[in-house]
Amino acid sequence: MSNKDEGRPGEGLRAITRRRFFQTAGFSACGIAAVGAAALGENFLEPRALFEPPTRFLLGAPESITPGAVYLEEAHQVYVMRFAEGFRALSAVCTHLGCITRYQPDDKCIACPCHGSRFSLDGEVLEGPAPRPLPWLRVELTASGRIAVNTAEEVALGTVFKL
Amino acid sequence: MSMLQRLTESRVWRALVRQGVSATNRNRILLVMDNVFLHLHSAKTRSRNLELSSTYFLGAISLVLFGILTLSGLLLMLYYHPSVPQAYHDMKELQFVVSNGLFLRNIHRWSAHAMVFIVFLHLLRVFYHKAYLPPREFNWVVGVILLLLTLGLSYTGYLLPWDQLAFWAVAVGTNMAEATPLIGPKLRYLLLGGNAVGENALLRFYVLHCALLPLALAMGVAVHLWRVRKDGGVQGSSGRYGSRRQVKP
């Protein structure tokens with residue numbers, strides 16, 4: 001070159017060989033592709049549409065449930081009860097490991113067949129390995145005068161609904 | 001030229017059987033020792049380590065059971081659809097309609113139970129004989145992974161009959177997986193392909209049981225056996241026969 005004072009291009013930078021540059025570029029590309037493939041794969045494994053029953057479901061009119069009744073809605077795994085103070089809905093899924101409990105009319109309690117947990121009709125644990133009481137769920141009256149329960153919407157224990 | 005001679009000298013025969021029986025005894029024994037199917041043990045093994053009381057043949061029994069399970073499982077797959085509620089009907093059909101179906105299903109079931117039991121005994125045997133110590137520590141870890149894969153196969157197979165026992169066992173099991181710190185709920189969702197044990201869960205467990213886990217186990221077994229040879233062969237109990245130093249090919 002004509003002007004020797006200018007030096008060679010890139011002289012001030014840390015020396016990097018061509019081989020090292022392509023190695024780094026190649027491994028980086030592979031790494032990015034691997035991360036992308038992993039993210040894509042994980043995303044693929046998560047179904048976006050589920051063919052499961054909706055969390056909100058309708059029952060009949062409030063009058064259709066006799067006072068004192070404990071009614072198990074099997075498809076949605078919810079107890080709907082009507083007592084003097086009002087309506088209540090309790091999840092029928094055992095808080096231990098997710099088995100479906102059964103109402104025992106003779107003992108006036110809810111029992112789980114898997115590991116022997118027993119709950120009162122307030123959802124409180126009476127015995128067994130269940131760590132938490134059965135969750136209480138929201139009960140609503142629709143415009144058309146039917147009972148609606150949403151299994152995704154928990155309310156404080158002891159919340160009774162007057163419909 | 002006799003028929004036999006013509007056959008053994010044909011191009012096809014020579015392509016399949018590339019070398020005949022070796023001329024010398026040395027080459028003959030080398031042929032056996034170098035062949036993994038004819039000589040699974042390392043070329044040099046202490047004779048005491050080949051005795052029943054050294055290993056109780058637990059690894060070999062596990063391998064044979066895995067073979068039986070693969071074969072009987074392949075046959076069962078021909079009559080099984082992993083869909084709801086067809087899976088349950090197929091299981092019943094295998095029991096009551098398909099020729100020898102009951103036999104094959106029971107072979108598969110009992111071999112599966114036996115494999116879990118034997119693999120676990122294998123682990124205990126290795127532990128009590130201190131066979132996990134260096135230089136075999138890497139193979140111990142491979143072995144533990146194989147035990148976990150065996151349990152995974154046993155568990156995923158449990159759902160496939162789609163009866164009450166299967167359904168609730170998997171409901172309980174996946175709820176246990178949910179208790180994993182941080183990733184628990186996500187793990188359960190991915191395992192079930194949803195929020196409840198249903199069609200997606202059955203299909204996922206089927207794929208895990210019939211493809212993913214057996215492949216992983218087969219590869220793991222290959223590494224495990226390779227390491228046994230690499231680490232100087234099986235190690236029996238050290239002690240009682242410690243001073244005897246017989247070597248068998």
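Naming convention: chains lettered A, B, ... in sequence-line order (proteins, then strands); numbering from 1 in each chain.
- Ala130(A) and Ser117(A) get closest at one heavy-atom pair: N-OG, 3.1 Å.
- With chain B as partner, the option from Pro113(A), Cys114(A), Cys99(A) having the largest number of non-hydrogen pairs under 4.5 angstrom is Cys99(A).
- With hydrogens and angles ignored, the 3.5 Å screen pairs no side-chain donor or acceptor of Arg132(A) with any backbone N or O of Val125(A).
- A parallel orientation is assigned to the rings of Phe57(A) and His76(A), their planes being inclined by less than 30° (bins at 30° and 60°).
- Aromatic pair Phe205(B)/Tyr155(B): ring centres closer than 6.0 Å.
- If you tally non-hydrogen atom pairs under 4.5 Å between each of Val197(B), Leu190(B), Asn175(B) and chain A, the highest count goes to Asn175(B).
- With a 4.5 Å cut-off on non-hydrogen atoms, His96(A) does not touch chain B at all.
- Of all heavy-atom pairs between His115(A) and Val172(B), the closest is CE1-CG2, 3.9 Å.
- A salt bridge links Arg102(A) with Glu74(A): the closest approach of a Lys/Arg side-chain nitrogen to an acidic carboxylate oxygen falls below 4.0 angstrom.
- Comparing Gly173(B), Gly193(B), Ala179(B) by heavy-atom pairs within less than 4.5 Å of chain A, the highest count is held by Gly193(B).
- Within the 4.5 angstrom heavy-atom criterion, atoms from both the backbone and the side chain of Glu46(A) approach chain B.
- Only the side chain of Asn200(B) has a heavy atom closer than 4.5 Å to any heavy atom of chain A.
- Contact of Leu50(A) with chain B is made through the side chain alone, with heavy-atom distances under 4.5 Å.
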